[in-house]
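Written below as C-alpha cells is the structure these notes are about.
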Amino acid sequence: MAEILRSALHDAAGGRLQIEEIPGLHYVSLRGDPAAPAVAGAVTDVLKIALPLRPNTLAASETAKVFWLGPEEWLLVSLSQSAAEIVSGLRLSLGGLHSAVTDVTSGCTTIRLRGAGSRDVLAKGCTLDLHPRAFGDGQCAQTLLAKAPVLIEALPATQDCQLIVRRSYADYLWHWLHDASRWAQ
Amino acid sequence: MTQPARLRHGGRINRDRPVAFTFNGRQYLGCEGDTLASALLANGVHMVARSWKYHRPRGIVGAGAEEPNAIVQLGEGSRTVPNARATQVEIHEGLIARSVNCWPGLEFDLLSLNGLFSRLLPAGFYYKTFMWPKSFWRHYEHFIRKAAGLGEAPTERDPDYYEKFNAHCDVLVAGAGPAGLTAALAAARSGARVIIADEQSEPGGSLLHARESIDGLPAVSWLRRTLAELAAIPDVRVLARSTVFGYHDHNFLAIAERLTDHLAEDRRRGPRERIWRVRAKQVILATGACERPLVFTNNDRPGVMLASAISIYTRRYAVRTGNNAVIFTNNDSAYATVLDLLDAGVRVAAVVDAREQPRGPHLEAARQRGINLMAGSAIVDVRGRRRVQAAVVASLGADANGLRGNDTTVVDCDLIGVSGGHSPVVHLYAQSGGRPLFDEGLAAFVPGPAVQTQRSVGGCRGSFALADCLREGYEAGTAAARETGHDAAATLPPGPGTLERHDYTLRPLWRVPDPPGHARGARQFLDLQNDVSASDVLLAAREGYHSVEHVKRYTALGFGTDQGKLGNINGLAILAQALGQDIAATGTTTFRPNYTPVTFGAIAGRDLGDLFEPIRLTALHAWHVEHGAEFENVGQWKRPWYYPKPGESMHEAVRRECHAARNAVAMMDASTLGKIDIQGPDAAEFLNRVYTNNWHTLKVGQCRYGLMLREDGMVMDDGVTSRLGENHFYMTTTTGGAARVYAWLERWLQTEWPELKVYLTSVTDHWATIAVVGPRSREVMKGVCGDIDFGAASFPFMSFRDGTVAEVAARVARISFSGELAYEVSVPADYARHVWKALMAAGAPHGITPYGTEAMHVLRAEKGYIIVGQDTDGSLTPQDLGMEWIVSKTKDFIGRRSFARADTARPDRKQLVGLQSADPALVLPEGGQIVDRPQWTAPVQTTGHVTSSYFSDALGRPIALAVLQSGRSRIGQTIYVTLGDGRVAPATITHPVFLDREGKRQHG
Amino acid sequence: MQGAPAMQRYSIFSLLRNALSHHERWQAAWRSPEPRPAYDVVIVGGGGHGLATAYYLAREHGITNVAVLEQGWLGGGNTGRNTTIVRSNYLWDEAAHLYELSLKLWEGLSQDINYNVMFSQRGVLNLGHSLQDMRDIHRRVNANRLQGIDAEVLNAAQVKAMVPILNTSPGARYPVLGASLQRRGGVARHDAVAWGFARAADARGVDIIQNCAVTGIRRENGRVVGVETSRGYIGAGKVGVVAAGNSSVLAAMAGLRLPLESHPLQALVSEPMKPVIHTVIMSNAVHGYISQSDKGDLVIGAGIDQYAGYGQRGSFHVIEGTLAAIVELFPSLSRVRMNRQWGGIVDICPDACPILGKTPVRGLYFNCGWGTGGFKATPGSGFVFAHTIARDEPHPQNAAFSLERFTSGYLIDEHGAAGVAH
Amino acid sequence: MLLIPCPWCGPRAESEFACGGEAGIVRPGAPDAVSDAEWADYLFMRTNHRGLHREQWWHAHGCRRWFIVRRDTVTCRIDGVEKMGSAGAAP
Ligand SMILES: Cc1cc2nc3c(=O)[nH]c(=O)nc-3n(C[C@H](O)[C@H](O)[C@H](O)COP(=O)(O)OP(=O)(O)OC[C@H]3O[C@@H](n4cnc5c(N)ncnc54)[C@H](O)[C@@H]3O)c2cc1C
Ligand SMILES: NC(=O)c1ccc[n+]([C@@H]2O[C@H](COP(=O)([O-])OP(=O)(O)OC[C@H]3O[C@@H](n4cnc5c(N)ncnc54)[C@H](O)[C@@H]3O)[C@@H](O)[C@H]2O)c1
Ligand SMILES: Cc1cc2nc3c(=O)[nH]c(=O)nc-3n(C[C@H](O)[C@H](O)[C@H](O)COP(=O)(O)O)c2cc1C
Ligand SMILES: [Zn+2]
C-alpha cells in the first residue's frame, strides 16, 4: 500500500544503474536526550540495535536500521515490525521520560540506487563528498539532492546508495533521478 | 588539399582527416585538430571581423582565450552560438561560421563609414550629446542599440542538455601546461585526490608548441608520458576543454567542461556542457602567462599577431601565417618565434627590438641563423588596410617616450609578430580574493600573498622559464598534497630534471610614440574588441577620469568578451604615465568571474521546466488528475483548484462545488497544510508563547484556532492545533507557511527558550487530511466510521476523536473552514486514496462533490475567514483583522509588546471589512483600491483595497473582503472600488461575515 | 570661496569643435581639489545619492561650500554596480511619491545637468506567476493610478506580444499569468549619473574629494563638528552620510545603531549581442530580472545573499539560481554566455524602504537603507536630502522615512513591490 | 558557496543552511518594562559589524540545529563555531 512511485525497476544508462523504490518499510522518528540511558535502552529493547551517537552514522540489524539525524533525533526504519509496535514499544520502555516518538511511515519512502554509477548520479545534485573514503559503510547524511531534502545512506561494500525522501518530494526526486541518470558518465 | 598556407610537415593536426566547413558562405577545408582560426589562416584568410565602433577590418591576433577580434557567429537556427572565439572553436564537419557586426558583409561594410567620423566618436561622446531635443533620445538610442552588440542571440529553444557535477578533491590544478602537469603529477604520486583542468582541446599548454626538451624528451613526448602516468593513478581526473571560470570563497571553484561542440552534429551524444562545482582542499593555479601586444599606430591591421600565436600556429597547427614577417619585440621570447618561422621557411624581413642592447638565448640562436635585427627601434605605423603591407620603423629615444629623429624605414611584410612582454594570468588568483602586485622587473602584475589555501606556479606566477615552471609545479604539488595528509611523494621519483635557466630581460614599452604628424594615440589600439585607443585613455585622464576603474567605464577598455586580457595592462600603464604616477599605484581593474564566458544553460543546469522547483504532490494527486481537476500552484504544491465537468466553466464549477458544500456535502484534499507534532511537558507553555491566545486551558481532545505573530506584532500564520494528550499537541499551519513556521518554532526553542522541554517533529507528509463539509457530512461520516459517536453533543465543534474510518485508524476533527458542519479526517497518507474513495462512495447518495481551493476560498470568505498572505500582507495586526477575541490580555507572547507602539495602537489603522457591490452582477476586482468619491484626480491617498472577492452562490450575489482605514466605524457607508482602467464601482461597507454570523451551521 | 570655473557645455557643437583639436582641449569634468579645513556641509559618500545631494544643495538651496568625500572612486559603490532599473510603481503612498518625484527628475536630468545619462524609458514589466501575484499586481497598479503614477495590468497574451521570446506557455512550472507595466520606467547609464552629478555639482563650487575615507565623526555637545578622514580632519557645520552598504559603520562612528544589515547583492552580464530584449522584465516569483543595455549585453540581477557581507562578492549558487530563472523565462537565451558577474553591498532595511532624515546627533543626517533598489531614487533622494540638510527638517516626501518609524511602528512594508531586488 | 562547519555534521555547503543573522540579540525579559525605543532596538537595530561577526545559522537540511558561527564579513573567513548554549554562546 505504501508505494508512492511506480516502483518498477528503472534501468538507466545502459543497465549500469538501477533505481527502485523499496516499499513497505516502517519509519518512526525518535526525539530524546542521548545522555538519558533510557533512550538508548528503549531502542535496544525494541529493535535490538545500539543507538548511534556519532553524527551522520547509522546502526543496523538484519531487519532494522537506526539513523542519527541530530543530536537528539533519530529515524528508526524497520522491515518487520510495524510502526505501531515500535511506537508503543518505545513509549513503554521510555516511561515518563521527556521524549517524542512519532510514526512517520506514510511520510517517507526509500529509493535504492544500484550500480557503479550510483554515486556519480547523486553527485550531479548533491554537494556532499560521496567518495567511498569520505562516505562509507555505516555513514548516512541528511542533505539536499537537487532541491529535495533527503537522507542518504551508503550501502555497505558497494557503490550503492539508498535515499529516504519525504513523500511529497518523491515524485520530483524520481523524475530528477531519471533525468540525471540519462547520461551517466 | 587546398589549404594554401598549410605547412607540409609538423603540427598536431591530422592531415588524413580533412574537415569541410563554411565561413561567410564560402566552403573551406581544414584538418581535424584545427581551430577555426588555424583553419582560416591555413586557407590564407586573415581578415575575419569588423571592429565594433569604427568597423575597421580586423584579423586574428591570438591563438586562445585572449582573442579579442576573431568573434564569429556559429551555426544557424536553434543551435546557433553568438560571439564564439575562432581561436577556441574546434572545427568539425559541417561547421558554419560567419563574421559579426558588419552589414551587408565583411568585405563591404556600410558602417565602416563610422571610421570617417571616428574623430567625432571619442570615448564617452554619447554623454556629451544626443540631449536635444529632449524627446529625441529614444530615436538616437534606437540607432545606438542597433549598432552595438556583436553576435545574435538564438531565438529558438535550445535543444541541448547541460548538467552539473559536484566534485571534491585534495588538490585542484587549473591549467595543464608544464607547471600544472608537474603539480598534478606530484600531488597524484603523493596519493592525493587530484583534478586537473585545462581549457584547451588537449592538455599540455605551451608544451604543445614548445621548442624545448624535458628529461631528454621532446616536450610533446614528455607530455604524452606524463599524461599516461596520470591516467594510471586512481583518483586523478584530467579534464580537457574545461575552463576554471570562477574561484569563489572557501575554495569553491566552478569549471565549465565542453563536451560536444567540437563534434559534427550527428556525432553528438549526451550533455553539451557540464559544470563542475569543485570544493578543493588545496588549489594550484598554473594558468600560464599571456603575451602582451605592443601599442603603435594601426596596430590593429589584419596580419598583426602576437608572436606567441604565430609560434602556436606554426608549430601546433602547421600553418604559415605569412610569407614575409617582421617581428617587433621588447624581450627575448619573440626570438623563439623567429626560429619557428625560419624553421617553417618563412622569411623574416626584420626583427625590431625596442631594447638598445638585445640579448637572450633565443636571440643568440636566431642571430646565428642570420637576421636583420633593428635594435633600439619600434614600429611606428603599419601600411595596408585589409592586410599588413609594410611596417614603418623608427629609432626610439632613450626614454622611449619619443623618437630619435624623424627618420623612418619602411619594411615590406605581410605579417607582424609582436611581443610586449608577458602578463601572468592572475585572474583566478585575484578572483580568490588576492591582490596582484606589480613586479618592476617583469613589468607585470604577479600574484601577491595567497588568501585561500592556494598556490600559483609557473607562468601565472611570473616564472617564465620552463625549468622554473616544472620545478615550481612539482614543489607545489608535493606541498599541497602534504597539507591534505598525503606525503608519499618523499619516497617518489623526483620531478623532471632541471633545464638551463636564463634571465628574462625586457624594456617596458607601453606605447610607441606616434609617427610624426599624427594625433596622439588616435589609431593605437588597446582594446581591439571595443575599439579603445590610446587617445581614449589619454582623453579620460585629461577629463578627470583618473581612477583606472573610471577609465575602464568611460572608454569601455576591457569590457568586452575577452575582458581585456591583452589590452588592459597597456591601458593602465598609459594612464599611469599620463597621470605621472607609477603603475603599482594605478593598479588593475577588478578581476571577476568568468575567466571566459560560460553558457547560461550550463549554469542553469537541469533546474528547468518541471525540475525548476520541486513539484510537491499530495497522496491524492493521481485521483485529482483522474477526475479532471485543474491545479493551482501554491508554493511548491499542486493543489486542485476546481473540478470542471465537461463543458463547465470555472465559474460554473465553483458554484456547483460551493452549492454542494452549503446544501449537501462536499469534500476537499487539505493534505498540504503544514503539520507539526509537538511533545513535551512544556508543550502548552510553548504554544502559549508563540500563539496570541491561551493554550493551558485547552483540554485533551479539543482543538483551538491560533494566530501566530511576528515579533513586530504583525500576523504571520494561523491554524488549528489539537491537544492529543497532556503533553502532546498537533499543530497545523498554512500550506505556504509550513516551512517558515517550523523553522520559526525551532529557532525560538533552540536559541531563546532552551529551557523548555519540547520536541517538534514535522509530520506534514505523513498525514493526509480530507475535509468533509456540509449539512450532510455527518451522515457521510457515519457511513464510513462506526466507532465514533457523531452526536452533536458528544462530538462537539472544535474537538476531535480517534476512530476507524473505512477500516483505517484515523483522527477525525470537527473543525470548519467553511462555516458548515464539517469534519477533517486525517489518515496516514498511504491510506489516503482508499479512505477518499470510501468517503466518495459513502457520500454518493448525498451528492458528495469534490471541491478545490477556489470553492474553499469562496466558502471561507462568506464566513469572513482570512487567508494569511491574501487578506494580510505583513502589515496587519490581529486587531486590524477584528480578531481581538483571540488576543490574550494576561500573558506575554511573541509580538505582543509591539501593539503598544504609537503607530500600531492608532485607531485609524486599516481594518478588515466586507464590501457589497452595488451592481449585483459585478464581482469587485481583487486588488481594487478604495476611494471615497466616484470622481477623483490623482494623486489621492490610498485608504484600502479589496483583498478577496467572489461570487457567493449561497447569497446569490458577489461578496468581497477589504482592508480599509477605520473601516469598522464606516460600516454602511458607500465607497468606490477602482477597476484598474479609470472606472470605479460603488459598494457598501459591511461586516466581514456575510453568512451565518452566529455560527449555527458549524455548530449544528 | 574660489569660484569654480564656468562649466564647459556639452553639445554636438562642442563635440565638433573639439574634434578639430583632436579632443585635446576638453576640461576636466570635475576638479580634484585638496580638502579645505572646513565646509558648511560635508557629504560622506560619493555615490549617486551623495553627489546628487551636493548638487541640489547648491542648486536648490544655494549652499555651495560643500565637500563630497569618497573613500574610493566616484560611483564605485552600488551606483557603479547596479542593474539600473528605474521605475516608481511602488505600493504604499509614501514610497510611491518619493520614487515618483525621482522619476520626474530623471525625465529632465540629462538636460538639467548637461550630461547625457541615457535615461531610456523602455518600460518595466513585473510578471505575475500565481493568483496571489496577480492580486498583488492589481493592487499595486490600482494604487499607482490613484497616486498619479502610470501603470497598467497586462494579461499573458499582451505580455507575449511585447516580449515574444518570453516563455508564456501555460505548461511552464510557474506560468506567466500577466504583468504590471510601467511605461515610463526604464534604465539609465549608471556611471554617467555619478559623473554627471559630480560635474554639475563641481561647476557650482562643490569640492569633490576622492580617495578620502571618513574614519570618525567628531561631535561636541551633541552636535556634529566635523569628520576625521584618511586625509586629516575636516570641519563641518553639517554632515550628511550617504554611504549605502557602509552606513552602519559610519553610524557606529557617531554612536548610533541603525536597523540595517549589509548583504551582498550580485548581478551579471552576458556577452554583447544585437538587441533581443527591448524592455525591462522582472519576476519576483522565479527570482530574476533582465534588460539589455545599449552596448548589447544582457544585464541580469540576481538575488541577495543570505549572509551579511562587506566583500562585494557573493555565493555562486545564487548566480546559478538566477540563470535558471532566466533560462526558464527565456529558453532561447540558454546558449548565450555569461561574461562577468559581480557583487555590491546593499544596506537592507526591515521594511525595504530607506531611512532619510535627521538623527539624534544635531547636524548629522543619514540617507541609507535603499537596499536593493535605490538607483532609481538617485535624483529624488538627493533632492529631498538636500532639503532636509539645508532646512534641518524633512521635505514632505521624506518625512515618513525617519528613523523614528522603527520605534513608533510606522513601517512602510515594500517587500512586495521591492521584491528580490531591482 | 560557503562551507559552513556545522558543530555536529562537520563542514557542509551553504545551500544546506539558513542564516539567521546577527547573534546576541537579547529579547527583553519583561517586554512591558522596556521603552518603545528599547523595544525598537531589540526588534530592528543591528550592529551589522564589518569584520568579525557572530551570527546564527541553522542546519536546515541537515541536523536542524541552530548554532553560532564567527565569520569575517569582509573576507568570509570562518573563525569558529559554537553550539547553542555552550559556554559563552549568548544566542
Ligand atoms: C547588484 C545590484 C543591483 C542593483 N540594481 C538596482 C536597480 O536595478 N535599480 C535600483 O533602483 N537600484 C538597484 N540597486 C541598488 C542601488 O545600486 C543602490 O541603492 C544605490 O546605487 C545607492 O546609491 P548610493 O549613492 O546611496 O550608494 P553608493 O553608490 O554605494 O555610494 C556610497 C558611497 O559611499 C562611499 N563610502 C562608504 N563609506 C565611506 C567612508 N567611510 N568614507 C567615505 N566614503 C565612504 C562608498 O565608497 C560609496 O562610493 C542595485 C544594487 C546592486 C548591488
Ligand atoms: N620565454 C618566455 O619569455 C616565456 C614567457 C612566458 C611563458 N613562457 C613559457 O610558458 C610556459 C609556462 O608554463 P605554464 O605551465 O605556467 O603555462 P602554460 O601556458 O604552458 O599552460 C597554462 C595552461 O593553462 C590553461 N589555462 C589558463 N587559464 C585557464 C583556466 N582558467 N582554466 C583552465 N585552463 C586554463 C591554458 O590554456 C594553458 O593550457 C613555460 O613553458 C614557459 O617557458 C616563456
Ligand atoms: C549596467 C551594467 C552593465 C555592465 N556591462 C558590462 C559589460 O558589458 N562588460 C563587462 O565587462 N562588465 C560589465 N559590467 C560590470 C562591470 O565591469 C563591473 O563588474 C561592475 O561595475 C562592478 O564593478 P567591479 O567588478 O569593478 O567591482 C556592467 C555593469 C553594469 C552595472
Ligand atoms: Zn548539522
Side-chain angles (χ1 to χ4, degrees), chain B residues 81-83 119-120 122 126-131 134 141 144-145 148-158 248 254 519 539 542-544 547 549-550 553 561 592-593 597-601 603-604 607-608 612-613 633 874-875 901-904 926-929 938-940 942 945 978 980, chain C residues 10-12 15 19 22-23 26 28-30 73 76 93 110-111 115-116 120 130-132 135 138-139 141-143 145-148 153 165 173-174 191-192 271-276 294-296 316 320 323-324 326-328 331-342 408-410 413:
Chain B
V81 177
N83 300 342
R119 265 201 191 181
L120 279 177
Y126 28 77
Y127 303 131
K128 296 185 172 119
T129 179
F130 301 136
M131 285 181 274
K134 192 166 144 182
E141 191 184 28
I144 291 177
R145 283 175 82 77
L150 297 170
E152 282 159 27
T155 51
E156 295 167 38
R157 188 179 275 269
D158 187 350
H248 303 269
L539 174 65
R542 195 174 306 126
E543 294 196 318
S547 160
E549 298 287 6
H550 281 156
R553 287 157 176 82
T561 64
R592 295 270 189 190
V598 179
T599 316
F600 283 10
I603 298 175
D607 292 345
L608 298 173
F612 178 69
E613 259 309 284
N633 284 316
S875 73
R901 299 171 303 167
D903 281 307
T904 15
E926 288 173 347
Q929 294 279 345
V940 292
T942 61
H945 72 284
T978 64
Chain C
Y10 289 163
S11 71
I12 184 70
L15 197 63
H22 300 290
H23 300 287
W26 287 107
W30 54 81
W73 42 282
D93 292 355
S110 295
Q111 291 71 24
Y115 201 105
N116 189 350
S120 170
S130 68
L131 300 176
Q132 188 56 41
R135 283 182 202 110
H138 279 280
R139 176 182 177 192
V141 164
N142 277 291
R145 296 172 74 111
L146 294 186
Q147 290 147 352
V153 179
I165 65 169
R173 178 69 182 92
Y174 292 112
D191 296 315
E271 300 177 301
M273 292 173 307
K274 295 297 172 199
V276 276
D294 285 346
K295 255 189 105 260
F316 183 62
E320 293 175 289
L323 282 178
I326 293 299
V327 176
E328 179 69 5
S332 65
L333 298 182
S334 165
R335 299 174 85 81
V336 169
R337 286 179 297 192
M338 160 171 140
N339 192 18
R340 185 176 170 100
Q341 66 154 104
W342 65 93
S408 74
Y410 197 91
D413 196 327

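Numbers restart at 1 for each chain; the letters A, B, ... are given by sequence-line order, proteins then strands.
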Contact winner vs chain B - C:Ile12, C:Asp93, C:Val327, heavy-atom pairs under 4.5 Å: C:Asp93
Chain B interface, residue from C:Leu131, C:Val141, C:Val153 that has the most non-hydrogen pairs under 4.5 Å: C:Leu131
Atom of B:Arg542, atom of C:Trp26 and distance for their closest heavy-atom approach: CG-O, 3.8 Å
Side-chain (C:Gln147) to main-chain (B:Val940) donor-acceptor, under 3.5 angstrom: no
Closest-packed option against chain C by number of heavy-atom pairs under 4.5 Å, given B:Gly928, B:Gly151, B:Ala519, B:Gly544: B:Gly151
Leading residue by heavy atom contact count with chain C [cutoff under 4.5 Å; candidates B:Arg901, B:Glu926, B:Arg553, B:His248]: B:Arg553
Heavy-atom proximity to chain C below 4.5 Å, by part of B:Ser547: side chain
Options C:Ala192, C:Gly76, C:Ala19, ranked by heavy-atom pairs under 4.5 Å with chain B, top entry: C:Ala19
Part of C:Asp191 within contact of chain B (heavy atom distance under 4.5 Å): side chain
Distance-minimising heavy-atom pair for B:Ala153 and C:Met273: CB-SD, 3.7 Å
Top contributor to chain C contacts, counting heavy-atom pairs under 4.5 Å, from B:Pro122, B:Ala938, B:Pro597, B:Gly980: B:Pro597
C:Lys274 side chain to B:Gly149 backbone, donor-acceptor under 3.5 Å: yes
CA sep, side-chain torsions, deciding dist, call: C:Asn142, B:His945, side chain to side chain contact (heavy atoms under 4.5 Å, CB included): CA-CA 9 Å; C:Asn142 277 291; B:His945 72 284; over 6 Å; no
Reported CG-to-CG distance for the pair C:Leu323 and B:Leu608, which is rounded to 0.5 angstrom: 10.0 Å
Where B:Leu120 and C:Leu15 come nearest, the two heavy atoms and their spacing: O-CD2, 3.6 Å
Under the ring-ring contact (aromatic ring centres under 6.0 Å, His included) test, residues paired with B:Tyr127 that sit two or more places apart: B:Tyr554, C:Tyr115, C:Trp195
Polar side-chain atom of C:Asn116 near backbone of B:Met131 as donor-acceptor pair, under 3.5 Å: no
Residues B:Glu613 and C:Arg173 bridged, charged N to O under 4.0 Å: no
Heavy-atom pairs under 4.5 Å with chain B, option from C:Ser408, C:Pro331, C:Ala28, C:Gly148 with the top count: C:Ser408
Pairing residues for C:Tyr410 by the ring-ring contact (aromatic ring centres under 6.0 Å, His included) criterion, not counting sequence neighbours: none
Winner by heavy-atom pair count (cut-off under 4.5 Å) against chain C, out of B:Val598, B:Asp607, B:Thr978: B:Val598
C:Ser130 side chain to B:Asn633 side chain, donor-acceptor N/O pair below 3.5 angstrom: no
No-hydrogen, no-angle side-chain donor-acceptor test under 3.5 Å, B:Thr561 and C:Asn339: no
Minimum heavy-atom distance C:Asp413-B:Gly874, with the two atoms named: OD2-O, 4.0 Å
Between B:Leu150, B:Thr155, B:Leu539, the one whose heavy-atom pairs under 4.5 Å with chain C are most numerous: B:Leu150
Least distance between heavy atoms, C:Ala324 atom then B:Ala604 atom: CA-CB, 3.5 Å
Close side-chain approach of B:Asn83 to C:Arg337, heavy-atom, < 4.5 Å: yes
Structural part of C:Leu333 lying under 4.5 Å from a heavy atom of chain B: both
Region of C:Val276 in contact with chain B, defined by heavy-atom distances below 4.5 Å: side chain
Verdict with supporting geometry, B:Arg592 and C:Gln341, side chain to side chain contact (heavy atoms under 4.5 Å, CB included): CA-CA 6 Å; B:Arg592 295 270 189 190; C:Gln341 66 154 104; 5.6 Å; no
Nearest non-hydrogen partners of C:Gly296 and B:Ala148, listed with the distance: N-CB, 4.5 Å
Among C:Gln132, C:His22, C:Gln111, C:Arg340, residue most engaged with chain B (heavy-atom pairs, under 4.5 Å): C:Arg340
